[in-house]
Structure formats: structure tokens, C-alpha cells
Amino acid sequence: MRDMTDQDIPEVMEIEKRSFISPWSRGMFKQTLESPVARNFVMIEGGKVVGYIIFYEAGVEVHIMNIAVHPGHRRRGIGLDMMRRIIEAVRVNSVEELFLEVRETNVPAQGLYEKLGFRAIGKRKGYYSETNEDAIVMALSL
Ligand SMILES: CC(C)(COP(=O)(O)OP(=O)(O)OC[C@H]1O[C@@H](n2cnc3c(N)ncnc32)[C@H](O)[C@@H]1OP(=O)(O)O)[C@@H](O)C(=O)NCCC(=O)NCCS
């Protein structure tokens, strides 16, 4: 896993489009690359981007903003590996809690987070406006 750069954005966006109903735009990826509080990583295999993770680190809290694995590389532990690496990286920065939102219907992602010890702590009604779906808020205390 290494830091994401501007040059990775086209490959990242290809995965993003194949992963989400409302994919992030190029501008959104650029914004997180330029933000001093955002951290962006890509997982590389055979010279290609196979996954990425973006999160905000603010004091003792981390908010996972985006994570996806290329559809052709799923269910091989890449998602788990990326999450474990960032959890270990932020632990040494005295981070105490990680948060994220996940669609109610997103069973694969919920399975991944539960495996890491995340617990559902609440709901945000109609968070995903394009489908009016609720978000489950999940948290992991370190
Ligand atoms: C969620 C996602 C990142 C998981 O990545 P992945 O590399 O396939 O996940 P892993 O192989 O590390 O799986 C880890 C665990 O998550 C759970 N899981 C992953 N995919 C699953 C699926 N399709 N169905 C049920 N559980 C699943 C399982 O518990 C799995 O462990 P196991 O394989 O030992 O059973 C991937 O499915 C993805 O990119 N989805 C589209 C984007 C997305 O929804 N991102 C999350 C937004 S909140």
C-alpha cells in the first residue's frame, strides 16, 4: 500500500464508478489529495490499482470517507488488509475511535467492518438522497 497521487486518479475513478451508485467526481478525489487532514492510500498489484482508502484524521477521531476494491479482486482479503493497515497506522497517532457510514443494504461492507470489530452506533435517516436510503453509523474504539 502506498500514498495515492494525482496520477492514480483515473484508475481509482474506474473502480469508483464500478463500485458506487453515486461515484465521487475527479474534483472530490483531488480535494482529498490536497486536504491537510485527509489521508489517501492505494493498494497496488502487478502495477495496477486494485483498491483504495481515504480517511480524515482529526485529533483522536478518524472518519473513513471512502474504501473500494476492484470488482475483479474482491473477496481476497484486500479490503481487510487496507483497513487493518490504517487502523495500525492511526493507533500510533493516539487515535481513539474510527467512524464510518454504510448503506443499510451494503452487506459486504458491513461484514468487513464487523470482522474488524466495528459496531453499529446509530442511523442517519435518508443519508443517501438518491435512493433515500438510511446510513448505519459504525464505530470502532481502539
Ligand atoms: C466492501 C469491500 C471494500 C470489501 O472488499 P474485499 O477486498 O472484497 O473484502 P475482503 O476480501 O477483505 O473481505 C473481508 C470480509 O468482509 C466480508 N465480506 C466481503 N465481501 C462480502 C460479501 N460479498 N458478502 C458478505 N460478506 C462479505 C466477509 O466477512 C469477509 O471475510 P471472509 O471473506 O473471510 O468471509 C468491497 O466489496 C467493495 O469495494 N465494495 C464496493 C464499495 C463499497 O461498498 N465500499 C464500502 C462503502 S461503506
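Everything quoted here is computed from the prediction, not taken from an experiment. Every number for a ligand or one of its atoms is a count from 1 in the order of the listing.
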Closest to atom 48 (S) of ligand 1 among protein heavy atoms sits Tyr113 OH, 3.2 Å
Of the side chain and backbone of His73, name the one, both, or neither that has a heavy atom under 4.0 Å from an atom of ligand 1. neither
Which heavy atom of the protein is the closest neighbour of atom 45 (N) of ligand 1, given with residue, atom name and distance? Ile67 O, 2.8 Å
Closest candidate by heavy atom, reference atom 26 (N) of ligand 1, pool Arg75, Arg76, Met82, Gln110: Arg75
Residue pair Glu16 / Tyr52, side-chain donor-acceptor N/O under 3.5 Å: yes
Find out whether the Lys NZ or Arg CZ of Arg103 is both under 6.0 angstrom from the six-membered ring centre of Tyr128 and within 45° of the ring's axis. yes
Quick test: of every protein heavy atom, which one is nearest to atom 38 (C) of ligand 1, and how far off is it to 0.1 Å? Arg74 NE, 3.3 Å
May I ask you to check whether Glu101 and His63 show a side-chain donor-acceptor distance below 3.5 Å? yes
Atoms of ligand 1, numbered as shown, that sit under 4.0 Å from any heavy atom of Gly79: 5 (O), 6 (P), 7 (O), 12 (O)
Would Phe41 end up clustered with Ile54 when hydrophobic side chains under 4.5 Å apart are linked, directly or stepwise? no
Do side-chain atoms of Glu133 reach the backbone of Thr105 as a donor and acceptor pair under 3.5 angstrom? yes
So which heavy atom in the protein is nearest atom 14 (C) of ligand 1, and how far is it from that ligand atom? Leu112 CD1, 3.8 Å
Tell me if the CD atom of Gln31 is crowded by more than 12 foreign heavy atoms within 6.0 Å. no
